[in-house]
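Each chain gets a letter, A, B and so on, in the order the sequences are listed, and its residues count up from 1. Computed from a predicted structure; not experimentally measured.
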Amino acid sequence: MPLALVDCDSFYASCERIFRPDLKNKPIVVLSNNDGCVIARSKEAKALGVGMGVPWFKVKDHYLKNGGYAFSSNFALYGDMSARVMNILESVSPSVEVYSIDEAFLDLDTLDKNFNLYKFGCHVKGLIKQWTGVPVRVGIAPTKTLTKVAIYQVKKMNVATRVVQLITQQEIMKALSLTPVGEVWGVGRRLNQHLQQMGIVSALDLAQCDPAYIRQKFSIVLERTVRELRGERCLEIEHDVAAKKQIVVSRSFGQRVDHLSVLQPIVSNFAVRATEKLRDEKQKCLQVSVFVRTSPFNDKKPQHRGFNSFRFPNPTNDTRDILHGAKIALKPIFRPNYSYAKAGVLLSLFSNEGIKQYSLFQDPDEPKDDSHLMKYIDVMNAYKTQIYFASQNTSHYSPVRQNMISPKYTTSWHEMPLVD
DNA sequence: TCTGGGGTCCTAGGACCC
DNA sequence: TCTGGGGTCCTAGGACCC
């Protein structure tokens with residue numbers, strides 16, 4: 001029995017439209033942090049030639065002149081709309097894997113053998129549209145990789161029902177022959193290049209390769225892709241949300257930074273936020289890493305990238321420890337006379353909060369444990385940050401530019417839409 | 001003079017994804 | 001002038017063990 005992939009259509013752009021019916025059929029783009037580049041486009045915006053990931057300043061004039069609308073990213077809104085969509089999916093299927101903010105896999109094994117899957121897909125699509133306003137596409141196929149191919153067919157052929165089912169051998173072969181190999185899930189830029197050189201151009205070409213040969217020539221990962229394209233299920237639905245293995249907080253700066261005295265407090269901000277996430281995950285980490293880099297686009301200026309880690313003697317999720325480690329890690333990688341454009345903090349080597357591993361020189365009878373202090377700070381900062389650590393910089397945390405953000409329609413009482 | 005074989009664990013780096 | 005952010009998995013190779 002097959003799987004289904006439910007995929008929200010231009011998700012961020014669609015979210016912006018839900019409370020703005022005046023934007024129906026209008027071009028909409030959503031911008032990244034600092035309004036840097038385009039990260040989502042409605043189909044009208046795509047038609048205006050706005051590419052994915054292009055720098056906003058390059059397309060801005062032409063786009064706005066042609067009646068386009070632009071928004072800074074509003075993750076409070078997108079996260080909440082996503083949760084609503086996922087709730088609906090969980091109500092129609094006992095087995096849902098939330099794969100990303102705008103995608104979920106459904107296991108259809110539990111449905112009746114005689115159930116019409118295509119009609120089920122249409123029903124789910126209609127339900128989500130009616131209850132949340134979010135347009136979705138549905139792909140139904142025997143494996144995850146093939147559901148992705150099905151979704152690609154919906155896009156490419158502009159299927160009116162927004163549902164494509166690939167069940168029979170003919171349906172699968174035809175769809176594969178119409179899909180360029182670079183569009184296959186798991187084939188990125190590098191692999192695409194390599195495969196093209198070998199004359200493997202369509203998804204069908206790849207499906208017809210010998211899996212053992214692909215494994216030897218490339219990797220076990222691509223071998224699985226080949227098998228999945230042939231209808232052999234290698235990737236199962238994951239029910240439990242796996243514990244995170246690393247946490248990253250990073251940002252590009254609104255303005256270049258060339259002094260350690262400016263950079264240090266920004267990195268502290270990242271460290272504080274990363275540690276909050278870590279406690280939220282109920283984990284501790286053994287390592288904090290810091291990275292900095294100049295702008296790779298500014299090739300006239302000297303470039304530098306730095307990465308450095310600090311190891312703790314014991315796992316910790318105490319912000320004071322992480323701040324200390326981040327500070328030590330940053331110092332040797334910062335070089336004066338460079339203009340830094342981005343920095344980040346990465347936590348890794350996690351262990352469960354409940355597990356205590358004492359070091360050889362630590363007295364187990366007198367454990368240092370102020371975890372309640374961090375808990376109180378988390379509670380107090382939950383709604384709005386009220387307590388800062390001394391090394392933080394309170395003014396550099398927010399992006400410099402985010403002028404086009406829409407209201408938090410669904411998550412803030414003050415910003416709820418009003419009806420006259 | 002001659003210096004094994006088999007294994008685990010860890011991590012950096014590459015490729016990919018949304 | 002202005003170019004995102006946050007993840008995963010796999011592999012090769014080094015450190016270490018017996």
Whole-Å distance separating the [atom1] atom of [X] from the [atom2] atom of [N]:
X      : N      : atom1 : atom2 : answer
A:Y12  : C:dG4  : OH    : C1'   : 10 Å
A:I101 : C:dG4  : CD1   : C1'   : 14 Å
A:N34  : C:dG5  : CG    : P     : 7 Å
A:M404 : C:dG4  : CE    : P     : 15 Å
A:K342 : C:dG5  : NZ    : P     : 5 Å
A:F270 : C:dG5  : CZ    : P     : 8 Å
A:D102 : C:dG5  : CG    : P     : 19 Å
A:M52  : B:dC18 : CE    : C1'   : 8 Å

(Q) Among residues at least two apart in sequence or on other chains, which ones pass ring-ring contact (aromatic ring centres under 6.0 Å, His included) with A:Y12? (A) A:F75, A:Y78

Q: Kindly express the pairing pattern of DNA chain B in dot-bracket notation, using | wherever a base pairs with another strand and counting only Watson-Crick or G-U pairs under 3.5 Å.
A: ....||||||||||||||

Show every ring pair (Phe, Tyr, Trp, His ring centres under 6.0 Å) that has at least one partner inside [range], sequence neighbours left out.
range                       : answer
residues 188-222 of chain A : A:H194-A:F218
residues 14-39 of chain A   : A:F19-A:Y409
residues 143-165 of chain A : none

Q | For A:E415, all residues meeting salt bridge (Lys or Arg N to Asp or Glu O under 4.0 Å), sequence neighbours excluded | A |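 In terms of salt bridge (Lys or Arg N to Asp or Glu O under 4.0 Å), with neighbours along the sequence ignored, A:E415 is linked to A:K408.
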
Q: Under the salt bridge (Lys or Arg N to Asp or Glu O under 4.0 Å) rule, collect the residues that match up with A:R293, sequence neighbours excluded.
A: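 Residues passing salt bridge (Lys or Arg N to Asp or Glu O under 4.0 Å) with A:R293: none at all.
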
Side-chain donor/acceptor pairs under 3.5 Å, residues 122-129 of chain A, sequence neighbours excluded:
from: A:K125; atom 1: NZ; to: A:T161; atom 2: O; distance (Å): 2.9

Q. Does anything in residues 179-214 of chain A reach DNA chain B, meaning a heavy atom under 4.0 Å, and if so which residues?
A.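 A:V184, A:W185, A:G186, A:V187, A:G188, A:R189, A:R190, A:L191, in order of number.
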
Q | Those residues of residues 56-79 of chain A lying under 4.0 Å from DNA chain C by at least one heavy atom | A |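 Those residues are A:F57, A:K58.
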
Is there a donor-acceptor contact under 3.5 Å linking the side chains of [X] and [Y]?
X      : Y      : answer
A:T410 : A:D80  : yes
A:D9   : A:S14  : no
A:S391 : A:Q264 : no

Q. Between A:Q283 and A:N352, which heavy-atom pair has the shortest distance, and what is it?
A. OE1-N, 4.0 Å

(Q) With salt bridge (Lys or Arg N to Asp or Glu O under 4.0 Å) as the rule and sequence neighbours excluded, what pairs involving residues 27-52 of chain A come up? (A) A:R17-A:E44

**Q.** Touch class at under 4.0 angstrom, heavy-atom based, for A:L349 against every strand present
**A.**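 Touches sugar-phosphate only.
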
(Q) From C-beta outward on A:K148, which listed nucleotide comes closest to its side chain: B:dC18, C:dG5, C:dT3? (A)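 Nearest to the side chain of A:K148 among the choices is B:dC18.
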
Q) In B/S/- notation, 5' to 3', how is nucleotides 6-17 of chain C contacted by protein heavy atoms closer than 4.0 Å? A) SSBSSS------

Q: Among A:L235, A:I140, A:D107, find the residue that satisfies the side-chain contact (heavy atoms from CB on, under 4.5 Å) test when tested with A:L3.
A: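 The single option meeting the side-chain contact (heavy atoms from CB on, under 4.5 Å) with A:L3 is A:D107.
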
(Q) Consider salt bridge (Lys or Arg N to Asp or Glu O under 4.0 Å). Of A:R227, A:K144, A:R224, which one does A:E232 pass it with? (A) A:R227

